[in-house]
Amino acid sequence: MSPVYRTHHCNELRASDVGREVKLAGWVNMHRNLGGVVFLDLRDREGLTQVVFRPEDNAELAAEARKLGHEDVIQVTGEVAARIAGMANPNLPTGEIEVIAHELRVLNRAEDLPFEIGGDVKDEDLRLKYRYLDLRRPQLARNLRIRDKVVKAVRDYFHANGFIEVETPILSKSTPEGARDFLVPSRIWPGKFYALPQAPQQYKQLLMVAGVEKYFQIAKAFRDEDLRADRQPEFSQIDVEASFVRPDDILSLTEGMLAAIYRDALGVEIQTPFDRVTYYDAVNTYGSDKPDRRFGMKLVDLTGAFRQSGFKVFRGAIENGGVVKAINAKGFASVTTGQLADLETTAKKFGAKGLATIKAEGSEWKSAITKFLSDSERETLRTQLEIEQGDLILFAADKWDRACEVLGRLRLRVAEMLNLVPPNDVRDFLWVTDFPLLQFDPAEDKWNAVHHPFTRPHAADMQLLDEKKYAAVRAEAYDVVLDGVELGGGSIRIHEPELQAKIFSILGVNEQQQQELFGHMLRAFRTGAPPHGGIAFGLDRIVMLVCGETSIREVMAFPKTNRAQDLMSQSPSPADNRQLRDLGIKLAPERESS
RNA sequence: GGAGCCUUAGCUCAAUUGGUUAGAGCGCUGCCCUGUCACGGCAGAGGUUGCGGGUUCGAGCCCCGUAGGCUCCGCCA
């Protein structure tokens with residue numbers, strides 16, 4: 001670094017530097033004008049250093065310093081001095097010393113800012129509009145630094161394991177499955193469009209065909225869907241693919257990567273290997289394929305107990321091929337009417353017809369359903385759910401998947417109400433394995449890929465595929481979950497053209513479409529494609545959890561709002577007519593907005 | 001596409017049941033202050049209560065609409 005502007009950064013000087021002539025540059029963080037002597041805290045990326053201007057040394061300079069304001073950018077030349085006895089600041093790494101200024105250069109004045117850099121800003125709208133100021137604030141500045149450490153840890157880790165980073169195109173081709181694509185019109189080919197990649201999925205598989213063997217990339221991906229706290233239209237993936245691998249290889253590779261991330265970014269050792277839970281067990285026990293296991297409240301199956309029940313709602317659900325399940329919200333008999341209404345709304349939102357509950361208050365069970373229950377049924381409930389005084393029991397009676405989902409959602413809601421979710425440093429990593437390969441969509445009346453169409457069916461389930469028992473076919477797919485958040489997912493892929501074509505057919509992609517949309521893939525698979533598989537991670541989500549944040553916007557430099565706008569640059573914005581003409585695009589009248 | 005919450009000074013918030021001139025802290029401006037570190041003291045400027053309409057003698061507060069932000073559902077292989 002050239003010493004023209006500075007010789008040290010603002011978190012560098014210590015008592016051992018006393019007597020040195022130094023130059024510092026940065027922002028005026030705090031300004032303390034005592035009438036005579038002037039102190040200011042100079043801030044740069046690394047920290048703070050106190051600078052002193054003493055009128056007895058240089059009255060003119062002190063007068064200049066008196067005129068400085070917050071966030072002015074200055075350069076100071078001076079001598080490092082020990083602070084006078086008893087005046088050290090133990091809260092500052094540089095608190096033993098100060099720089100006695102000999103020279104002051106104002107590099108740039110700052111006008112009054114829309115918010116204080118050191119303050120608390122609640123209005124995210126305002127933060128996003130002035131994102132470059134928001135990023136000066138300690139929290140976001142820290143998040144940027146942590147993100148950099150995570151990215152570096154990832155690159156170091158994969159390089160150390162023989163992976164090479166390969167970039168893939170941003171201008172690529174639209175595919176029928178999955179999210180809505182962002183389209184980019186082609187000028188050279190009027191009427192034709194590129195699509196921005198939802199993931200580098202096809203390219204990375206083609207890199208395996210190319211013999212790259214071990215590929216990774218920190219890749220941008222784009223999905224034109226509605227946003228959430230953990231979803232942005234444009235986001236980053238850690239994309240990984242390797243040849244001649246089995247699921248275990250990818251799982252342990254991932255565990256090593258996450259361990260390296262936590263070690264390098266936080267200095268924390270995480271426990272590996274992670275637990276593995278099948279998709280069935282995860283849903284059956286926690287009502288979710290990304291379970292948060294940091295609190296209990298497991299789903300208990302009561303189907304056996306109610307098969308012959310006098311309570312028609314439960315018996316009827318079972319006779320229709322469903323199940324009866326319940327969770328015990330320990331100590332929540334104190335639930336308020338409002339909370340109970342909230343829980344019932346939640347249950348109905350996810351397809352329950354109603355919400356049966358039991359409040360175990362004193363020796364009494366307060367419930368609308370207990371009068372339908374036999375003594376032995378009550379006893380079974382008591383033992384299986386381990387009901388004690390003060391507990392609240394929530395039931396679901398429905399088809400297995402719906403009952404599980406309803407209770408899974410209730411479980412999360414109750415955990416929130418009871419503050420059961422532990423702090424961020426209690427980490428629960430786990431694998432969810434053996435996902436179903438296919439899922440029937442009644443709305444479209446067709447089978448869809450749960451993961452994506454290149455996912456390999458379990459070898460043991462190939463026969464079920466031929467027997468068209470599609471719902472029972474398991475995939476060689478896996479998700480890694482941390483504290484109820486899906487960090488990433490992947491699979492072993494199909495490398496045989498015949499099997500791939502068969503899967504496409506089941507998904508309703510006819511032969512002509514297969515050739516048009518995936519012809520290059522099928523052809524590539526006929527040229528000596530090695531067995532391969534991989535995984536992709538949501539980098540933003542990983543960084544979010546490492547930083548202890550609850551929104552990925554807090555770990556992205558320039559995120560967009562809920563409605564996909566950049567409030568700083570005001571994108572998206574209208575295109576002028578000339579641009580549109582070049583692209584051969586005419587707007588439909590109703591879409592011509594401001 | 002749907003549901004909920006929020007919007008008062010530059011920022012963070014307050015304002016009794018609908019009742020006089022909408023307040024405070026920080027920031028900003030001016031003056032004072034020579035060892036502070038969230039420096040201190042005195043004085044001051046700063047408001048179309050997001051916007052539009054309605055009810056009312058009277059609306060920051062009640063009603064309707066609308067804009068924006070956020071959270072969630074749908075959606076996101």
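Heavy-atom basis, side chains included; hydrogens, waters and symmetry copies ignored. Throughout, a chain's letter reflects where its sequence line sits, starting with A, and its residues are numbered from 1.
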- Sugar-phosphate, base or nothing in reach of A/L126, heavy atoms under 4.0 Å: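 Sugar-phosphate only.
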- Heavy atoms under 4.0 Å, any strand shown: does A/D120 hit a base, just sugar-phosphate, or nothing?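 Result for A/D120 = sugar-phosphate.
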- Note on the structure: Reading nucleotides 22-28 of chain B from 5' to 3' and marking B where a protein heavy atom lies under 4.0 Å of the base, S where only the sugar-phosphate is that close, and - otherwise, the string is ----BSS
- Item | Summary of protein contacts for nucleotides 65-75 of chain B, nucleotide by nucleotide, where a base hit scores B, a sugar-phosphate-only hit scores S (4.0 Å, heavy atoms) | ---SSBBSBBB
Applying a 3.5 Å limit to both distances, which nucleotide forms a Watson-Crick or G-U wobble pair with [N]?
| N | answer |
| --- | --- |
| B/U34 | none |
| B/C76 | none |
| B/G4 | B/C70 |
| B/U48 | none |
| B/C11 | B/G25 |
| B/C62 | B/G54 |

[X]: what forms a side-chain contact (heavy atoms from CB on, under 4.5 Å) with it, not counting sequence neighbours?
| X | answer |
| --- | --- |
| A/R231 | A/R228, A/R541 |
| A/N89 | A/R83, A/N91, A/L92 |
| A/H31 | A/V28, A/N33, A/V38, A/L40, A/L68 |

- Item | Donor-acceptor side-chain pairing of A/Q139 and A/E549 below 3.5 angstrom |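 A/Q139 vs A/E549: donor-acceptor pair found between side chains.
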- Item | Separation of B/C5 P from A/D342 CG (nearest whole Å) |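 Distance, rounded to whole Å: 12 Å.
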- Applying salt bridge (Lys or Arg N to Asp or Glu O under 4.0 Å), name anything that partners A/D72, two or more places apart in sequence or on another chain.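 Per chain and number, A/D72 pairs via salt bridge (Lys or Arg N to Asp or Glu O under 4.0 Å) with A/R109.
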- Query: Which residues pass the salt bridge (Lys or Arg N to Asp or Glu O under 4.0 Å) test with A/D445, sequence neighbours left out?
  - Reply: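 Applying salt bridge (Lys or Arg N to Asp or Glu O under 4.0 Å) to A/D445 gives none.
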- Message: Looking at A/R32, I'd like to know whether one of its side-chain N or O atoms comes within less than 4.0 Å of OP1 or OP2 on B/C39.
- Response: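 For A/R32, the contact criterion (side-chain N or O under 4.0 Å from OP1 or OP2 of B/C39) is met.
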- Under 4.0 Å between a side-chain N/O of A/K122 and OP1 or OP2 of B/C11, yes or no?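 So the side chain of A/K122 is outside the cut-off, no N or O lying under 4.0 Å from OP1 or OP2 of B/C11.
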- Which pairs pass salt bridge (Lys or Arg N to Asp or Glu O under 4.0 Å) with one or both residues in residues 485-494 of chain A, sequence neighbours excluded?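 Passing the test, one end in residues 485-494 of chain A: A/E241-A/R493.
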- Query: Going by heavy atoms closer than 4.0 Å, what residues in residues 52-62 of chain A are next to RNA chain B?
  - Reply: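 Contacts with RNA chain B under 4.0 Å: A/R54, A/P55, A/E56.
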- Message: Does anything in residues 194-207 of chain A come within less than 4.0 Å of RNA chain B? Heavy atoms only, and list the residues if so.
- Response: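 Within this stretch, A/Q198, A/Q201 sit under 4.0 Å of the strand.
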- Item | Ring centre gap for A/F518 and A/F504 strictly below 6.0 Å |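 Under 6.0 Å, so yes.
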- A/F115 on top of B/C11's base, within under 5.5 Å and under 30°?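 Stack criterion not met.
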Just list the side-chain donor-acceptor pairs under 3.5 Å for residues 344-352 of chain A, sequence neighbours left out, or say none.
| from | atom 1 | to | atom 2 | distance (Å) |
| --- | --- | --- | --- | --- |
| A/E344 | OE2 | A/K348 | NZ | 3.2 |
| A/T345 | OG1 | A/A341 | O | 2.8 |
| A/T346 | OG1 | A/D342 | O | 3.0 |
| A/T346 | OG1 | A/D342 | OD1 | 3.4 |

- Query: Which atom names give the shortest non-hydrogen contact between A/L437 and A/T455, and what distance separates them?
  - Reply: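 Distance-wise, the nearest heavy atoms are CD1-O, 3.5 Å.
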- Message: Has A/R223 got a side-chain atom pairing as donor or acceptor with A/P233's backbone, closer than 3.5 angstrom?
- Response: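 The answer is no, because no donor-acceptor pair under 3.5 Å joins these two groups.
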- Item | Residues that A/Y130 engages under ring pair (Phe, Tyr, Trp, His ring centres under 6.0 Å), provided they are two or more places apart |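 Ring pair (Phe, Tyr, Trp, His ring centres under 6.0 Å) list for A/Y130, sorted by chain: empty.
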